[in-house]
Every structure is written in structure tokens, then in C-alpha cells.
A.B. asks: 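Could you have a look at this structure, given as C-alpha cells, before my questions?
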Amino acid sequence: MTDFYFFEYQLNKTLILIKFLHLLSIITINPMKKTLLTIFPFLILAYSADAQTLWNSIQNIDPNTGNDPYVIASGDLDGDTDIDLAIGTYNFSTDVVKWYQNDGSGNFTIMPTVSDVGTLSGIGGIIIADYDGINGNDIIVSSYSNDTVMFYANNGTGGFDTGVAVSTTADGAGQLTAVDINNDGNLDISIAEYDGGIASWLPGNGDGTFGAKQTIVAANLPGNVSFNDFDGDGDQDALIGYVDGTTSGTIEIYYNQYIESGTMTVSWIKDTVTVNSGNPFLFVAAFADVNDDGTLDIIKSDNVSGDVAWYSKTKNGPSIETIISDDSIIDRPAVVAVADLDNDTYNDVILTDGGSANDAIIWFESTDIGTFNPEALINDNNYQHYGITIADLDGDGDKDIATIGYFNNTVDWYENILETLTIGENISAKFSFFPNPTKDNLYFEGLEDETINILVTDVSGKTVLSKSQNSNHTLDVSDLADGIYTITINEKFASKFIKE
């Protein structure tokens with residue numbers, strides 16, 4: 001089991017330089033109706049129907065989590081509706097569960113620890129969900145060495161009760177999932193029992209207690225389990241990725257027979273065709289609608305081969321593989337996740353580096369036709385991100401990313417700077433500025449006012465340039481440090497640009 005969590009990376013690759021903001025183009029707009037009429041080849045101005053996603057620099061939440069933070073989850077833990085965070089460490093000696101209170105704007109406070117340091121050994125799974133129906137969301141974690149699943153009830157006063165073991169027979173307990181498997185309206189817990197070679201589940205009673213542990217399947221080295229209604233019959237099916245450690249790790253689907261049985265009991269039938277095989281070290285295997293066609297797909301990342309791919313599959317039928325990323329982009333990929341980062345209703349793909357040689361976090365923007373643009377950089381460091389969570393952490397309507405750094409023992413988050421831009425009534429319908437990114441100067445076109453007032457601020461909101469000038473003149477930004485800036489003109493129009 002140790003190899004599942006600990007790797008040595010001795011690669012010395014050249015980092016890929018990603019330019020993630022492309023040249024835009026001129027847009028013609030009816031200023032009265034504010035509707036999109038025509039798009040020209042050099043669009044600079046994004047209208048309100050369009051948006052661009054940039055990422056703010058890393059923001060630290062906890063500079064010292066304790067050794068080897070491994071799992072992270074997000075959810076409202078204090079009943080104020082904003083998104084808090086919880087993490088667990090994985091070093092077998094001083095492990096701890098911690099949580100971080102969000103003020104709603106992405107400012108986090110390190111709260112008293114949920115568990116006593118050292119009482120758990122190897123925290124391999126964590127979920128945030130309300131299992132007892134009182135005081136809001138609780139925290140549930142798994143302990144690999146203790147073969148235990150621990151339940152920490154929310155006490156409703158900004159803390160958590162002493163942990164209660166809801167299972168002590170989960171042999172090598174790892175990943176946990178909150179899911180209603182038996183359709184009784186109560187959340188259950190699934191457990192990947194790595195050492196025991198069992199994917200199991202605990203039926204939740206809705207009051208913080210659980211029924212006897214039940215088996216989904218007994219098979220060698222289950223690494224992670226994902227649930228969704230793949231066959232569309234109204235119950236939750238299971239997708240399991242087996243961490244073989246050599247060359248034969250497989251991805252399998254098991255159909256929940258709760259509906260088919262007609263007896264209100266859960267049993268499982270394996271799909272007759274394996275989703276994928278030949279994986280040396282599956283890190284993630286999960287259900288997701290990757291290509292936005294309304295049908296569930298399967299996505300994976302393999303930490304040894306470097307392959308990140310998705311599969312279109314029919315029940316008891318073959319899979320069609322599409323590679324998203326390979327070892328030339330990230331050699332040792334860890335987390336792969338699917339989410340709409342730019343609020344265009346199409347799913348994008350987020351990928352982290354499980355080593356230290358390549359870009360730490362990248363994303364692949366959907367082309368809106370079932371494929372993806374080339375990778376774009378979110379951040380580069382050597383933190384080794386084994387866990388991320390995606391949620392609106394600052395309450396601005398777009399999805400941000402919180403991470404744990406296994407190498408550097410920190411919790412951090414990245415703000416999604418999603419800009420949906422509008423045009424002021426006194427700005428020409430064909431106004432544009434370019435180039436973007438720029439090294440030296442910005443040029444303006446389509447301005448009706450002879451004199452314009454310009455304000456440039458950095459990502460922290462600090463004014464770095466302020467002046468009035470003729471609208472036909474260029475704006476010299478050569479003295480600005482490389483980075484992302486906001487330019488505001490006549491206090492009506494604002495947009496991001498990159499100085500490089």
C-alpha cells in the first residue's frame with residue numbers, strides 16, 4: 001500500500017511554457033439591444049455573452065498542515081452557506097484532520113483540529129456531508145493503518161464531536177465516497193479497502209449510525225470508486241479502478257441491481273466488457289460527462305504511464321478511448337477532474353502533477369464540440385498535488401481550486417478570475433485594444449472620445465498606472481512587471497490584459 005502514496009521522481013524535463021490568454025478580436029454590438037451581431041478575426045473586447053478565465057497567483061491558507069497532507073474536501077462546515085475546507089495527512093505517525101473556516105470571500109481561518117494528532121494513521125479518504133441530520137455537515141475520514149472509518153459529528157458551535165468509529169474492519173481503508181446506494185434517502189459511505197481487496201459500503205441510517213458493512217466486489221487492490229447511474233435505471237452504479245502496480249490495472253463497472261431485483265435489496269453485476277486495462281498505476285478512475293453529450297463517460301489518470309484519457313462506453317459494449325494528456329505534458333499525473341471553469345456550460349478538465357518535474361496544475365478548456373484546447377497553465381510549483389477540490393471559494397459565481405501540497409505541507413487556493421465583460425454606453429461599438437498579451441504598448445481603436453482616462457491595476461487591486469491621453473495615442477506599459485492587469489477606460493470599460 002505504501003507505493004500507492006509515495007513516489008520518487010528524478011526527472012529533469014524542460015518545463016512547457018503555456019500562454020493561456022490568446023489574441024481576441026473586434027466585436028460589433030448593437031448598443032441599444034446589447035446583442036452580439038458580428039465577430040471579426042481580431043476580437044479584443046469580450047462581450048457579456050462571452051468570458052475568459054485567468055488564474056490569480058497562489059494564496060496560502062495553511063503554511064504548516066503537518067507532514068504529508070494527502071486528502072482534501074470542501075463544503076459548508078459552519079452553517080453560513082459559504083464553502084469551508086477539511087484535510088487529512090498521511091505519514092503514519094503524526095496524522096491529523098484539520099478544517100479551515102471561510103469568511104465567504106476566500107479568507108480562511110485555521111480552526112482547532114478535528115482529530116488529535118497521531119490518533120489516526122494514514123488518512124486516505126475524507127468526505128464532508130450531513131450524516132446525522134443535525135447541525136449541518138459532518139466530517140468522515142478513513143485511516144489506512146487503523147482499518148477504520150471515523151465519523152466526526154458537527155456540534156453546531158463551530159467544532160466537531162470526538163470521533164466515533166463506524167467501521168473497524170475496513171482493511172487498508174482508503175478513498176471514501178458519500179452516496180445513496182440503497183435508495184432510502186440516506187447517505188451511505190463507500191470504502192476502497194486496498195489491503196483487503198474489497199470495495200465495500202456502509203448503509204447510513206440518517207441519524208449518524210450505520211448498518212453492517214456490505215461488499216460491492218472482492219477483487220485485488222481497489223484504488224478508487226466512483227458512483228453514478230450509468231445504465232439510467234434510477235440507482236447508483238459503481239466504477240472501480242484497480243491499482244495493480246504492474247501493468248494490468250483495470251477499470252470496471254458494476255451495475256447496482258436495486259431497481260432490477262424488485263426486492264429493494266442491493267446486489268451487483270459486472271459489465272461484461274472492461275472499460276480499460278493495462279494501467280500500471282491508476283490514480284483516478286471516475287464517471288463524468290466529459291464531452292457534454294448528456295451521456296456519462298469515464299475519465300482516468302495513470303501515474304506511471306502518464307496517460308490521462310476518457311472513454312465513451314455503452315453498457316456491456318466496447319469503449320472508445322480519447323487521450324487528453326500524456327507523459328510529454330505531465331509525466332506523473334495525479335488528480336484529474338471535470339468541471340466547468342469558465343461558466344460556458346461546457347465541461348473542462350483539470351490535471352495535477354503527482355511529481356515535481358512538470359507544471360503543477362493545468363487545465364484543458366472545452367472547445368464546446370466535445371474536444372479540448374491545448375493545456376493552459378494554472379500554476380507551476382513542486383508541491384506534488386495528490387488532492388484538490390473545486391468550488392466557488394470567494395462567492396463570485398465561478399469555480400476556484402483549493403489544493404494540498406504533499407511535498408511542502410501546505411493548503412493553498414487559486415482564484416478563478418472569470419471576467420464577463422460589458423461595454424459602457426459611451427464606448428464605441430467597435431472599440432478594441434491590442435495586442436494581448438503585450439510586451440510594450442497597447443493600441444486603441446474605435447474610441448469616440450478624443451481624450452480618455454486610463455487606470456491600470458494589478459491583481460491585488462493596486463493602481464500601477466493612471467493617466468489621461470489622446471485616444472489615438474498608444475499606452476506604454478513596458479515598465480510594468482510581467483503579470484495580469486486590469487485596464488479601465490473612462491470608468492466604464494474594464495478588461496484584463498497580460499504584460500509579458
Side-chain angles (χ1 to χ4, degrees), residues 14-25 42-46 50-61 63 105-107 341-343 348 350 352-353 358-365 373-383 385 388 393-394 396-403 405 408 410 412-421 432-444 452-467 469 473-489 491 493-500:
T14 302
L15 296 176
I16 301 171
L17 178 62
I18 308 294
K19 288 187 177 180
F20 55 91
L21 181 63
H22 302 288
L23 286 177
L24 305 177
S25 41
F42 298 103
L43 181 66
I44 296 300
L45 184 61
D50 198 8
Q52 59 188 14
T53 294
L54 306 175
W55 298 91
N56 209 339
S57 57
I58 187 171
Q59 300 182 59
N60 182 249
I61 296 171
S105 299
N107 302 305
L341 295 180
D342 51 4
N343 284 6
D348 311 302
I350 304 93
T352 73
D353 184 13
N358 303 122
D359 292 332
I361 310 176
I362 60 177
W363 73 294
F364 300 82
E365 182 185 9
N373 288 318
E375 68 275 9
L377 182 67
I378 294 176
N379 195 263
D380 185 29
N381 52 51
N382 63 350
Y383 291 176
H385 296 298
I388 69 171
L393 299 177
D394 53 1
D396 64 355
D398 53 46
K399 293 182 175 67
D400 310 299
I401 299 174
T403 67
N408 67 314
T410 64
D412 306 284
W413 76 284
Y414 301 88
E415 180 186 3
N416 183 345
I417 311 174
L418 179 66
E419 290 296 325
T420 303
L421 305 175
S432 64
F433 73 90
F434 57 91
N436 193 3
T438 183
K439 293 182 180 294
D440 300 307
N441 297 292
L442 288 175
Y443 299 83
F444 304 99
I452 55 175
N453 299 312
I454 299 173
L455 181 72
V456 177
T457 56
D458 63 17
V459 293
S460 69
K462 177 183 178 182
T463 298
V464 294
L465 192 157
S466 178
K467 66 181 301 185
Q469 68 175 48
H473 293 173
T474 62
L475 179 67
D476 184 0
V477 295
S478 59
D479 289 338
L480 297 181
D482 293 353
I484 302 170
Y485 296 90
T486 297
I487 182 171
T488 303
I489 297 175
E491 298 182 345
F493 165 73
S495 183
K496 292 287 190 295
F497 73 92
I498 292 178
K499 165 63 171 58
E500 61 178 15

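None of these values were measured; they are calculated from a predicted model.
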A.B. asks: Do you know the tightest heavy-atom contact between V477 and N441?
C.D. replies: CG2-N, 4.3 Å
A.B. asks: Verify whether one side chain among D412 and T410 offers a donor that lies under 3.5 Å from an acceptor in the other.
C.D. replies: yes
A.B. asks: With a 4.5 Å cut-off on side-chain heavy atoms, are I498 and T438 touching?
C.D. replies: no
A.B. asks: Is there a side-chain contact between I487 and L455 in this structure, where contact means two heavy atoms from C-beta onward sitting under 4.5 Å apart?
C.D. replies: no
A.B. asks: Would you call T488 and I454 a side-chain contact if the rule is heavy atoms closer than 4.5 Å?
C.D. replies: no
A.B. asks: Mind checking what makes salt bridge (Lys or Arg N to Asp or Glu O under 4.0 Å) contact with D479, not counting sequence neighbours?
C.D. replies: none
A.B. asks: Could you pull out the closest heavy-atom pair between G106 and W413, with the gap in Å?
C.D. replies: O-NE1, 3.2 Å
A.B. asks: Between H385 and Y414, which heavy-atom pair has the shortest distance, and what is it?
C.D. replies: NE2-OH, 4.2 Å
A.B. asks: What's the separation between atom CD1 in I362 and atom CG in D353, rounded to the nearest 0.5 Å?
C.D. replies: 9.0 Å
A.B. asks: Is any side-chain heavy atom of D342 closer than 4.5 Å to one of D348?
C.D. replies: yes
A.B. asks: Between D359 and D380, what is the shortest heavy-atom contact and its length?
C.D. replies: CA-OD1, 3.2 Å
A.B. asks: Do the non-hydrogen side-chain atoms of F433 and F497 ever get within less than 4.5 Å of each other?
C.D. replies: yes
A.B. asks: Does K399 have any salt bridge (Lys or Arg N to Asp or Glu O under 4.0 Å) partners at least two apart in sequence or in another chain, and if so, which?
C.D. replies: none
A.B. asks: CH2 of W363 to CD1 of I378: how many Å apart, nearest 0.5 Å?
C.D. replies: 7.5 Å
A.B. asks: Of all heavy-atom pairs between L442 and P435, which one has the smallest distance, and what is that distance?
C.D. replies: CD2-O, 3.4 Å
A.B. asks: To the nearest 0.5 Å, what is the distance between OG1 on T403 and CD1 on I350?
C.D. replies: 13.0 Å
A.B. asks: Taking it one step at a time, do I388 and T352 satisfy side chain to side chain contact (heavy atoms under 4.5 Å, CB included)?
C.D. replies: CA-CA 8 Å; I388 69 171; T352 73; 3.6 Å; yes
A.B. asks: With rounding to the nearest 0.5 Å, note down the distance linking OG in S105 to CG in D396.
C.D. replies: 9.5 Å
A.B. asks: Can you list the steps and then say if V456 with K467 is a side chain to side chain contact (heavy atoms under 4.5 Å, CB included)?
C.D. replies: CA-CA 9 Å; V456 177; K467 66 181 301 185; over 6 Å; no
A.B. asks: Let me confirm one number: the CD-CD1 distance from E415 to I401, rounded to the nearest 0.5 Å.
C.D. replies: 12.0 Å
A.B. asks: Looking at G397, is its backbone amide N or carbonyl O close enough to the side chain of N343 to form a donor-acceptor pair, meaning the two atoms are under 3.5 Å apart?
C.D. replies: yes
A.B. asks: For the residue pair D476 and L465, what are the closest heavy atoms and their distance?
C.D. replies: O-CD1, 3.8 Å
A.B. asks: Between K499 (side chain) and L480 (backbone), is there a donor-acceptor pair under 3.5 Å?
C.D. replies: yes
A.B. asks: Please examine the side chains of W55 and L341, heavy atoms only from C-beta on, and report whether any two atoms are closer than 4.5 Å.
C.D. replies: yes
A.B. asks: Is the shortest heavy-atom distance from the side chain of F444 to the side chain of L475 under 4.5 Å?
C.D. replies: yes
A.B. asks: Give the intermediate values and the outcome of side chain to side chain contact (heavy atoms under 4.5 Å, CB included) for residues I489 and N453.
C.D. replies: CA-CA 6 Å; I489 297 175; N453 299 312; over 6 Å; no
A.B. asks: Should N379 and L377 count as side-chain neighbours, where that means a heavy-atom distance under 4.5 Å?
C.D. replies: no
A.B. asks: Using a 3.5 Å distance criterion without hydrogens, assess whether the side chain of D400 forms a donor-acceptor pair with backbone atoms of N416.
C.D. replies: yes
A.B. asks: Using a 3.5 Å distance criterion without hydrogens, assess whether the side chain of N436 forms a donor-acceptor pair with backbone atoms of K496.
C.D. replies: yes
